[in-house]
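Some notes on the structure that comes next.
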Amino acid sequence: CSVYNNDGDYCPSDDCGYFNNNFTLQGAAFNNGTNGSAKFGNNIASTTANNIGGWTNTKVDASVPNIKQGQTSVFVAVDGENSNPLGFKALVDASKMPTIDYIDPENGPPGQYITIYGSNFKAYDQAISKVSFKSMLSSVEYPADGLDFPEECRNGWWKDRYIIVKVPPLIKTAADYGNYEVIITNRDTLTSQPENFEVKNDTPGPGLCKLDPYNGKAGRAVIAYGDNFGNSQGAGFARFFNNKISTIAINGWENQRIDTSVPAGAETGPVVVSNGNVNPSNSLPFTVGDCVGDDECALGDQCCSSGTF
């Protein structure tokens with residue numbers, strides 16, 4: 001008959017809460033928790049609360065699961081019978097939620113490398129962190145990752161502010177092509193709002209999965225790793241921000257590796273690679289200048305001594 005938020009300093013009232021906020025449900029005939037559960041939603045679709053405990057015949061303690069922001073209901077289920085529902089407002093702390101700002105490119109075929117830019121992706125946890133493509137037509141979900149990238153990229157495709165994946169190769173028939181929602185779940189089990197992406201029936205173009213290093217001043221040698229660069233440079237190039245093109249292939253041009261350098265006049269921003277065809281690769285961020293502090297590096301990386309990158 002009542003719900004009390006036990007983390008009132010985070011929530012303005014008893015009948016609301018953020019993910020993992022503790023709350024207590026009070027009522028009658030809870031059967032001391034035997035074959036019981038606390039749930040959010042309704043009789044048709046529901047999500048079980050986290051950390052359920054403290055059962056008596058008149059109360060149960062639990063915490064708010066990871067559910068969509070907005071008005072919902074909470075209820076107790078005992079021996080297959082549901083209690084009356086109580087209104088509950090699920091709140092979201094935007095400072096902790098993974099957020100997708102944009103995807104580059106915004107469309108592409110199965111197997112195409114893409115970069116998902118945003119924030120709060122956190123460090124990668126193989127058991128929890130994931131990128132999903134959900135069909136807007138069939139609602140079927142396909143996983144996406146960088147686990148089969150070239151070996152040099154397999155440990156660095158997931159970063160706090162950007163993630164590099166392939167459009168799921170499992171999307172392979174004409175009926176599967178079309179509009180998808182891209183969703184990210186970080187290691188805290190928090191899920192982003194979806195970002196639209198069009199899967200096209202086409203051949204994958206060049207794709208970037210790593211710049212080594214990802215900072216440096218003009219003239220600094222940079223190795224670009226990825227795929228579909230082509231076995232020779234031809235009309236290919238690496239373009240740094242401010243439309244500065246580096247056509248230098250210091251030690252050659254291979255299908256999965258390009259040895260290039262930072263051109264004069266380049267600025268901090270995205271780098272793309274072209275194999276001479278119309279569409280360039282996905283972009284990766286590059287910082288122009290000396291690396292002088294760890295805050296200039298990606299989460300988990302350390303800056304080298306001044307001037308050594």
Sidechain-backbone polar pair: Asn120 side chain, Met97 backbone, donor-acceptor under 3.5 Å
yes
Scan Phe240, Tyr162, Phe241, Tyr214 and name whichever one has a ring-ring contact (aromatic ring centres under 6.0 Å, His included) with Phe286.
Phe240
With under 30° as parallel and over 60° as perpendicular, where do the rings of Trp55 and Phe30 fit, or are they tilted in between?
perpendicular
Ile164 side chain reached by Leu208 side chain, heavy atoms, under 4.5 Å
no
For Ser95 and Asp93, test the side chains for any donor-to-acceptor distance below 3.5 angstrom and give the result as yes or no.
yes
For the residue pair Ala29 and Val78, what are the closest heavy atoms and their distance?
O-CG2, 4.4 Å
Measure from the side-chain N and O atoms of Asn215 to the backbone N and O of Val288, and report whether any donor-acceptor pair falls under 3.5 Å.
no
Tell me, do Tyr225 and Leu284 make a side-chain contact under 4.5 Å, heavy atoms counted?
no
If you define the side chain from C-beta out and look only at heavy atoms, does anything of Leu86 sit under 4.5 Å from Asp15?
no
Can we say Lys96 and Asp188 salt-bridge, meaning some charged N sits less than 4.0 Å from an Asp/Glu carboxylate O?
no
For Phe229, is there any backbone N or O sitting under 3.5 Å from a side-chain donor or acceptor partner on Trp253?
yes
So does Pro194 get a backbone contact from the side chain of Ser192, meaning a donor-acceptor N/O pair under 3.5 Å?
no
Step through it carefully: locate the ring centre of Tyr180, locate the ring centre of Phe197, and say whether they are under 6.0 Å apart.
no
Can you tell me how far apart CD1 (Ile171) and CG (Asn201) are? Round to the nearest 0.5 Å.
12.0 Å
Using every non-hydrogen atom in the two residues, find where Trp158 and Thr185 come nearest and quote the distance to one decimal.
CH2-O, 3.6 Å
Might you point out which heavy atoms bring Pro85 and Phe75 nearest each other, and give the distance in Å?
CA-CB, 4.1 Å
Testing the 3.5 Å rule here: is there a donor-acceptor pair between the side chains of Asp227 and Asn255?
yes
Under 3.5 Å, side chain of Lys244 to main-chain N/O of Glu267, donor-acceptor pair present?
no
Is the shortest side-chain heavy-atom distance between Ile245 and Pro263 below 4.5 Å?
no
Return yes if some donor-acceptor pair links the side-chain N/O of Ser132 with the main-chain N/O of Glu141 below 3.5 Å, else return no.
no
When every non-hydrogen atom of Gly226 is compared with those of Pro150, the smallest separation belongs to O-CG, 3.2 Å
On a heavy-atom basis, which atom in Ser63 and which in Phe23 lie closest, and how many Å separate them?
C-CE2, 3.5 Å
Once you round to the nearest 0.5 Å, how far does OG1 of Thr268 lie from CG of Asn242?
11.0 Å
If every non-hydrogen atom of Phe149 is compared with every non-hydrogen atom of Lys166, which pair is closest and at what distance?
CE2-CG, 3.6 Å
